[in-house]
Amino acid sequence: MGFMDEDYLLDSQAARDLYDAVADLPIIDPHNHVDLEEVVENEPWDDIWAVEGASDHYVWQLMRKRGVAEEKITGDASNRAKWNALAEVFPDFAGNPTYDWVHLDLKRRFGIEKPLNADTADEIWDETKAQLAEESMRPQQVLRDMDVEVLCSSDDPTDDLAYHERAAEEVEGVDVRPTWRPDRAMKVENAAWDEFVADLDDATDADVSTFAGFLEGLRETHDHFAEHGCLACDVGTGTTPVSKPVSESRAAAVYAKARRGDAPTEAEARDFKAFLLEFVGELNSEKDWVTQLHIGAVRDYREALYEDVGINAGGDVSTPDVNVVDDLDYFFDRFDGETETVLYVLDPTHYASATVVARAYPTVSIGPAWWFNDSPMGMANQLERVANVDLLANHAGMVSDSRKLVSYGSRFEMFRRTLASTVGEMVEQGRIPKANAERLVRHVAYRRPKELYGL
């Protein structure tokens, strides 16, 4: 098997045949962090660092691990200097999926077969710079070349969705939809929470001086997103997902306290979040939206990095200290059969509990291996567990979860190859007839997310 050749990640004839069945299916991407302004404005990228490194905190983290100075990662160094710094240490990324994705990007998008290292950095820079000047390498055409059929961004409720309106008119061949993400509304304990309330006041006609007005403002934004084709809601539960019955009067008291500038206690913040999570579930149920729960992220864990660079800089971690079963049982029961829920769990130890919960509730599904788990190993382990405990046919499919547009195709390719390899092994073991295996991988790779999200 050669480097990134046609057998990449495929270790049997059954796997190769199954991958052939899904390789050319369109991409349905229900969760990503696309820069929609970049897509709509459709301006050319200047260089390969702008494409591969400027927005990718996976790349940033690994560069730091190999001793690259921050100036050549997120600092003031030129893009050429940053690219050369990446190339110098890139061979040391081997084994990490970032190594795979960047090479897949170079191969699939630019036709470059050579590995990236200090010796090839200048040549790759020049080759890609020439290609990036062509119309065929502008963002909208790249999306079409990757055969992205549906693209769902993740958006704050107060977003006016102006770029989504333009996308509907100007981005041909790609169905671009927003996703409503009320995280800022729920984090009443954060110093910046009051900024969200002010933004909600500006964005809606609601009177946010009262809790009832605050809820009405959220509903107004929910309706606004629905008018723009939204089909899902993202909720980042962090390390303390909580669901339990909480009265509106209790939540209103916490709201009033926070609005006065008094910090809520931990118990008050949990009650506020529990009430809002149920409220959000009700809104989603009314519109038949999918509720996507992102569980277990510890944000801005590395304090010095947060202080120097800010959020989304690569300083987040996961923790096993989350009880999916106890903390979310009320939500699962409250919306049993009423709305679809997809679970993204960040720590792989949570798959044991998440999969048995999904098995118990027909409308709860396991989302793709997320963030630190979206490697061939992480995806294979998760797919095997879902297949053996729940149903692989009910897996939610793949998402790119990417801030880097050119990598959507690479991430989906890695998933589809891993899916083919995982199911191919079951064929080789005599567990599944080949025809049914092909039906299964096509379903998970394409039909299942279309059905789940009502596309």
Side-chain angles (χ1 to χ4, degrees), residues 4 32-35 38 45-110 112 114-125 127-129 132 137 139 142 146 297 299-302 304-306 308-318 346 369-378 399-415:
M4 292 281 173
N32 60 73
H33 299 276
V34 65
D35 181 347
E38 177 182 75
W45 288 288
D46 291 331
D47 52 61
I48 191 62
W49 175 261
V51 170
E52 288 291 349
S55 63
D56 191 345
H57 58 78
Y58 287 45
V59 168
W60 302 349
Q61 282 182 308
L62 301 185
M63 291 177 73
R64 293 183 190 116
K65 288 293 293 184
R66 298 307 301 151
V68 177
E70 196 66 35
E71 180 188 8
K72 294 183 177 180
I73 302 174
T74 63
D76 294 332
S78 68
N79 281 8
R80 184 66 177 266
K82 291 175 179 178
W83 174 253
N84 286 341
L86 172 62
E88 182 74 32
V89 298
F90 201 74
D92 298 332
F93 290 13
N96 187 283
T98 302
Y99 186 84
D100 300 39
W101 292 324
V102 171
H103 280 125
L104 283 172
D105 293 348
L106 292 173
K107 185 180 180 74
R108 303 293 183 232
R109 305 275 68 83
F110 297 95
I112 294 174
K114 60 181 73 71
L116 174 60
N117 54 50
D119 294 333
T120 61
D122 290 341
E123 186 179 356
I124 291 175
W125 174 276
E127 287 184 39
T128 54
K129 195 167 183 63
L132 288 169
M137 285 302 297
V142 169
M146 292 186 294
R299 300 289 184 176
D300 307 318
Y301 182 77
R302 187 181 170 203
L305 185 64
Y306 173 68
D308 292 343
V309 182
I311 63 172
N312 300 322
D316 304 328
V317 301
S318 67
L346 189 51
W370 176 41
W371 201 339
F372 303 124
N373 304 307
D374 55 2
S375 62
M377 178 198 74
V399 300
S400 73
D401 190 34
S402 180
R403 289 176 167 79
K404 190 164 67 178
L405 187 146
V406 296
S407 280
Y408 294 171
S410 300
R411 292 189 177 213
F412 273 79
E413 179 176 344
M414 180 183 284
F415 171 77

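Since the model is a prediction, treat every value here as computed from it, not as a measurement.
Pairing each heavy atom of Y99 with each of P91, the nearest pair is CE1-CA, 4.2 Å. Residues A50 and D47 approach most closely at N-OD1, 2.9 Å, considering heavy atoms. Here the closest non-hydrogen pair linking L132 and I48 is CD1-N, 3.8 Å. When all heavy atoms of M63 and I73 are compared, the closest pair comes out as CB-CD1, 3.8 Å. Across W45 and M137, no two heavy atoms sit closer than the pair CZ3-O, 3.2 Å. Of all heavy-atom pairs spanning G378 and A369, the tightest one is O-CB, 4.1 Å.
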Checklist entry - Would L62 and F90 count as a side-chain contact (heavy atoms from CB on, under 4.5 Å) if you check the C-alpha gap in whole Å, the side-chain angles of each, and the deciding distance to 0.1 Å? => result CA-CA 9 Å; L62 301 185; F90 201 74; over 6 Å; no

Checklist entry - Would K114 and E127 count as a salt bridge (charged side-chain N to carboxylate O under 4.0 Å, His left out) if you check the C-alpha gap in whole Å, the side-chain angles of each, and the deciding distance to 0.1 Å? => result CA-CA 12 Å; K114 60 181 73 71; E127 287 184 39; 2.9 Å; yes

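Under a 3.5 Å cut-off, the side chain of R403 and the backbone N or O of S55 do not form any donor-acceptor pair. Between the side chain of H103 and the main chain of L116, a donor-acceptor pair closer than 3.5 Å is present. Between the S375 side chain and the P97 main chain, no donor and acceptor come within less than 3.5 Å of each other. Within the 3.5 Å criterion, the main-chain N or O of A81 finds no donor-acceptor partner in the side chain of N84. Between the K65 side chain and the F93 main chain, no donor and acceptor come within less than 3.5 Å of each other.
Within the 4.5 Å cutoff, the side chain of T74 has no heavy atoms near those of the D308 side chain. Residues I311 and D300 are in side-chain contact: their nearest non-hydrogen atoms beyond the backbone lie under 4.5 Å apart. Under the 4.5 Å side-chain criterion, counting only non-hydrogen atoms from C-beta, V102 is not in contact with Y58. Under the 4.5 Å side-chain criterion, counting only non-hydrogen atoms from C-beta, L405 is in contact with M146. Contact annotation: the side chain of W60 never approaches that of L305 to less than 4.5 Å [non-hydrogen atoms, C-beta and beyond]. Contact check for W83 versus I124: side-chain heavy atoms found under the 4.5 Å cut-off. Looking at D316 and H57, their side chains never come closer than 4.5 Å, going by heavy atoms from C-beta outward. Q61 has its side chain out of reach of R302: every pair of non-hydrogen atoms, C-beta onward, lies at least 4.5 Å apart.
Annotation: salt bridge (charged side-chain N to carboxylate O under 4.0 Å, His left out) contacts involving residues 69-81, sequence neighbours excluded, comprise R64-E70, R80-D122. For residues 50-61, the set of pairs meeting the salt bridge (charged side-chain N to carboxylate O under 4.0 Å, His left out) definition, not counting sequence neighbours, comprises E52-K404, D56-K404.
For the atom pair W370 CH2 and L346 CG, the distance stands at 5.0 Å (nearest 0.5 Å). Note that CG of D374 is 7.5 Å distant from CE of M414, once rounded to the nearest 0.5 Å.
Other residues, nucleotides and ligands contribute at most 12 non-hydrogen atoms within 6.0 Å of the OH atom of Y306.
Every side-chain contact (heavy atoms from CB on, under 4.5 Å) that S410 has, sequence neighbours left out, goes to W101, L104, D105. With sequence neighbours excluded, the residues that form a salt bridge (Lys or Arg N to Asp or Glu O under 4.0 Å) with R66 are D92. Remark: T98 pairs with N96 by the side-chain hydrogen bond (donor to acceptor under 3.5 Å, both in side chains) rule, at least two apart or across chains. Under the salt bridge (Lys or Arg N to Asp or Glu O under 4.0 Å) criterion, K129 pairs with no residue at all, not counting sequence neighbours.
With hydrogens and angles left out, the side-chain atoms of W371 and D401 include no donor and acceptor closer than 3.5 Å.
The cationic group of R108 does not satisfy the cation-pi geometry with F412, failing either the under 6.0 Å distance to the six-membered ring centre or the 45° limit from the ring axis.
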